[in-house]
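Reading through the structure tokens given below for one structure.
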Amino acid sequence: MEWGNPLLDDHVLSLAGAERPRICFLPTASGDADHYVVRFYRAFAATRCEPSHISLFRRETGVGDPRAHLLAQDVIYVGGGSLVSLLGTWRAHEIDLALHEAWRAGVVLCGGSAGSLCWFSHAISSFHEGAPRRLEGLGFLPWSNAVHYADEPGRRGAFMDAVAYGMPAGFGVGDGAALHFLGTDLAEVVSSKPGARAMYVCADGSGGAVERELPVRFLGEAAAKDAERREPALVGGRALAA
């Protein structure tokens with residue numbers, strides 16, 4: 001969720017295929033930080049969707065049955081923070097099993113930072129964990145992933161080294177870019193800002209790793225065209241519907 005830029009959030013809701021999608025936020029990676037939950041409800045207002053969240057670090061989760069609640073959603077949105085804390089907490093509460101059921105049932109699963117890394121078989125993470133290091137994710141997607149790829153020092157180099165030394169091939173994703181998978185196949189890369197980049201990284205067969213830049217579709221172009229269509233055109237001093 002980028003403050004003042006709703007393009008990726010709007011795109012997520014559009015994928016649900018529902019007029020008023022049910023979307024549940026999992027702020028686990030931040031320790032259920034209150035400010036993050038507030039940001040979620042501001043970004044996904046009840047006027048256009050049915051927002052909810054599940055807290056695992058509170059006495060009350062906020063829902064009666066977390067598994068049943070997750071399976072009833074159109075979208076599950078995972079927040080950023082510590083990937084290690086997220087995975088450990090989910091496994092303790094069996095949220096990982098519920099998420100796999102939801103994924104198999106066709107619920108849209110998404111998230112930023114740790115909320116992106118978690119779906120992959122392997123990831124490079126460095127949130128409060130010192131130097132970037134290799135971790136195993138949930139494994140829904142049989143690829144590796146690195147976020148903030150060229151935006152934070154050390155991420156790109158650590159990811160390429162890990163792939164060179166045997167980590168599965170995968171994706172290095174810059175801030176503002178998002179990978180859209182259908183099943184386990186990459187359908188496209190979209191972005192909320194011009195110039196956002198994403199790379200496919202694989203071993204080169206000689207002990208190193210190589211990058212291939214992926215095409216990125218900027219979501220703002222479609223938004224701008226929609227705005228132009230809605231803007232009245234003035235002809236002869238009279239407003240005509242565009």
Side-chain angles (χ1 to χ4, degrees), residues 1-3 8-9 11-12 23-40 43-44 53-58 61 66 70 73 75-100 102-103 107-156 158-159 162-163 167-168 170-181 189 191-192 196 198-199 201:
M1 293 176 285
E2 299 172 76
W3 185 255
L8 282 175
D9 296 336
H11 183 64
V12 163
I23 178 169
C24 181
F25 182 48
L26 292 178
T28 317
S30 66
D32 297 337
D34 291 334
H35 68 86
Y36 209 172
V37 174
V38 170
R39 283 173 56 194
F40 166 75
F44 294 97
H53 77 282
I54 295 176
S55 294
L56 299 177
F57 289 93
R58 300 286 192 270
T61 63
L70 290 172
Q73 301 304 300
V75 180
I76 297 171
Y77 197 130
V78 179
S82 170
L83 181 61
V84 170
S85 299
L86 176 150
L87 293 173
T89 304
W90 280 359
R91 286 167 178 151
H93 291 268
E94 298 187 343
I95 295 297
D96 57 330
L97 302 180
L99 289 172
H100 192 264
W103 179 59
V107 177
V108 176
L109 306 181
C110 63
S113 197
S116 170
L117 298 176
C118 63
W119 313 114
F120 293 79
S121 67
H122 292 79
I124 293 295
S125 178
S126 65
F127 183 87
H128 289 175
E129 295 144 9
R133 64 185 177 117
R134 174 176 171 175
L135 296 171
E136 292 187 10
L138 295 175
F140 297 2
L141 300 173
W143 312 96
S144 58
N145 183 216
V147 296
H148 314 303
Y149 187 59
D151 305 275
E152 294 184 3
R155 298 264 188 170
R156 177 174 174 269
F159 188 58
V163 171
M167 190 170 74
F171 305 90
V173 188
D175 292 349
L179 307 171
H180 177 193
F181 286 87
V189 184
S191 75
S192 58
M199 302 286 183
V201 181

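Note that the structure is predicted; figures quoted are calculated from it, not measured.
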Does the side chain of [X] reach to within under 4.5 Å of the side chain of [Y], using non-hydrogen atoms?
{"X": "His180", "Y": "Val189", "answer": "no"}
{"X": "Phe159", "Y": "Met167", "answer": "yes"}
{"X": "Val75", "Y": "Val107", "answer": "no"}
{"X": "Cys118", "Y": "Leu83", "answer": "yes"}
{"X": "Val108", "Y": "Trp103", "answer": "no"}

Nearest 0.5 Å, what's the [atom1]-[atom2] distance between [X] and [Y]?
{"X": "Leu56", "Y": "Leu26", "atom1": "CG", "atom2": "CG", "result": "7.0 Å"}
{"X": "Glu152", "Y": "Ser113", "atom1": "CD", "atom2": "OG", "result": "7.0 Å"}
{"X": "Leu141", "Y": "Ser121", "atom1": "CG", "atom2": "OG", "result": "8.5 Å"}
{"X": "Leu117", "Y": "Leu135", "atom1": "CG", "atom2": "CG", "result": "8.5 Å"}
{"X": "Leu109", "Y": "Phe140", "atom1": "CG", "atom2": "CZ", "result": "7.0 Å"}
{"X": "Cys110", "Y": "Ile76", "atom1": "SG", "atom2": "CD1", "result": "9.0 Å"}

- Report the C-alpha separation of Phe44 and Phe25 in whole Å, then their side-chain angles, then the decisive distance to 0.1 Å, and conclude whether the side chain to side chain contact (heavy atoms under 4.5 Å, CB included) test is met. CA-CA 10 Å; Phe44 294 97; Phe25 182 48; over 6 Å; no
Nearest atoms (heavy-atom pairs only) where [X] meets [Y]:
{"X": "Ala114", "Y": "Gly81", "value": "CB-O, 3.6 Å"}
{"X": "Leu87", "Y": "Glu136", "value": "CD1-O, 3.3 Å"}
{"X": "Asp175", "Y": "Ala196", "value": "O-CB, 3.8 Å"}
{"X": "Ile124", "Y": "Ala162", "value": "CD1-CB, 3.9 Å"}

- [ ] Give a yes or no on whether the backbone of Leu86 and the side-chain of Thr28 come within a donor-acceptor separation of less than 3.5 Å.
- [x] no
Between the main-chain N or O of Pro168 and the side-chain N or O of Ser144, is there a donor-acceptor pair closer than 3.5 Å? yes
* Centroid-to-centroid, Phe40 to Tyr36, below 6.0 Å? -> no
Could you tabulate the donor-acceptor pairs under 3.5 Å formed by side-chain atoms of residues 92-100, not counting sequence neighbours?
none

Requested in this report: Evaluate the side chain to side chain contact (heavy atoms under 4.5 Å, CB included) criterion for residues Tyr149 and Met199: first the C-alpha distance (whole Å), next the side-chain angles of each, then the deciding distance (0.1 Å), finally the verdict.
Outcome: CA-CA 9 Å; Tyr149 187 59; Met199 302 286 183; 3.9 Å; yes
* **Parallel, tilted or perpendicular, as decided by the 30° and 60° cut-offs, for the rings of Trp119 and Trp90** => tilted
Quick note, salt bridge (charged side-chain N to carboxylate O under 4.0 Å, His left out) partners involving residues 28-37, not counting sequence neighbours, are Asp34-Arg58
Verify side chain to side chain contact (heavy atoms under 4.5 Å, CB included) between Arg39 and Val37, making sure each step is shown before the conclusion.
CA-CA 5 Å; Arg39 283 173 56 194; Val37 174; over 6 Å; no
Cys24/Ile54 under side chain to side chain contact (heavy atoms under 4.5 Å, CB included): CA gap, chis, key distance, verdict: CA-CA 7 Å; Cys24 181; Ile54 295 176; 3.8 Å; yes
The ring pair (Phe, Tyr, Trp, His ring centres under 6.0 Å) partners of Phe120 (sequence neighbours excluded) come to Phe181
